[in-house]
Every structure is written in structure tokens, then in C-alpha cells.
Amino acid sequence: MQLIPCPWCGPREESEFHYGGQADVAYPDDPAALTDEQWAQFVFFRDNPKGPFAERWFHSAGCRTWFRAVRDTRTYAFLPGSPA
């Protein structure tokens, strides 16, 4: 079982969390003006780097707070000092 470092509760088992996807994805300024293809790009297409990757996590079985963490996609390890 992997431990995920919650900024408020400390390290907890991964079963307490829900993955929220890539962090720092900006919502479109004018969503009504987007074409179907642009909406598909916004909703479904995300970066898939090999290495450090900023993600959103929800501590659903703990403090029920969303936070941002950086995880290495090669090792699945959460990097220390990930900003919340």
C-alpha cells in the first residue's frame, strides 16, 4: 500500500484518497465559445510526462480537502515538499 502525504493529516494509505487529475489546468475564459474539438482537448487530453508531475488529490476519508502534490511517474513516489 502506498502512503500519500496529506499536508494536513500527514502520510495516509492511498485507499483514503481520490485522484483528481493533472494540477494547474486553467478553465477556459469563454467556455461558450469553444468548439466540440476544443472542449474535448480541455476535458480529455492531459500531459503524460516521465518524471515529476503535479497532480490534484482529494483526502476523501480524512480531512476531505483537495491538495496539490508532485509525484514522480517513473517510481510513483511523492516528492518531498510538494506545495499544497
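Index from 1, following the sequence.
Atom CZ of R74 sits about 13.5 Å away from atom CZ of F53, to the nearest 0.5 Å. The SG atom of C9 lies 12.0 Å from the CD1 atom of I4; values are rounded to the nearest 0.5 Å. With rounding to the nearest 0.5 Å, the separation of CG in L79 from CZ in R71 is 9.5 Å.
Residues F45 and A40 share a closest heavy-atom pair of CD1-O, 3.4 Å. The two residues E13 and L3 make their nearest non-hydrogen contact at N-CD2, 3.8 Å. The two atoms that bring T73 and P49 nearest to each other are OG1-O, 2.8 Å, heavy atoms only.
Listed for the Q2 side chain is a donor-acceptor partner under 3.5 Å among the backbone atoms of Y76.
Residues C6 and P11 form no side-chain contact, since every pair of their non-hydrogen atoms from C-beta on lies 4.5 Å or further apart. For the pair F42/P28, a side-chain contact is recorded, criterion being any heavy-atom separation below 4.5 Å from C-beta on.
Heavy atoms from other residues, nucleotides or ligands lying under 6.0 Å from CD of E14 number more than 12.
Side chains of W57 and E55: a donor-acceptor N/O pair is present below 3.5 angstrom, by distance only. For T65 and H59, the side-chain atoms include no donor-acceptor pair closer than 3.5 Å.
D30 meets the salt bridge (Lys or Arg N to Asp or Glu O under 4.0 Å) test with no other residue; sequence neighbours excluded. The salt bridge (Lys or Arg N to Asp or Glu O under 4.0 Å) test applied to E16 returns no partner, not counting sequence neighbours.
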For the pair F58 and F67, evaluate side-chain contact (heavy atoms from CB on, under 4.5 Å) and give the outcome as yes or no after the intermediate values. CA-CA 6 Å; F58 181 61; F67 63 94; over 6 Å; no
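With salt bridges taken as basic N to acidic carboxylate O contacts below 4.0 Å, one links R68 and D24.
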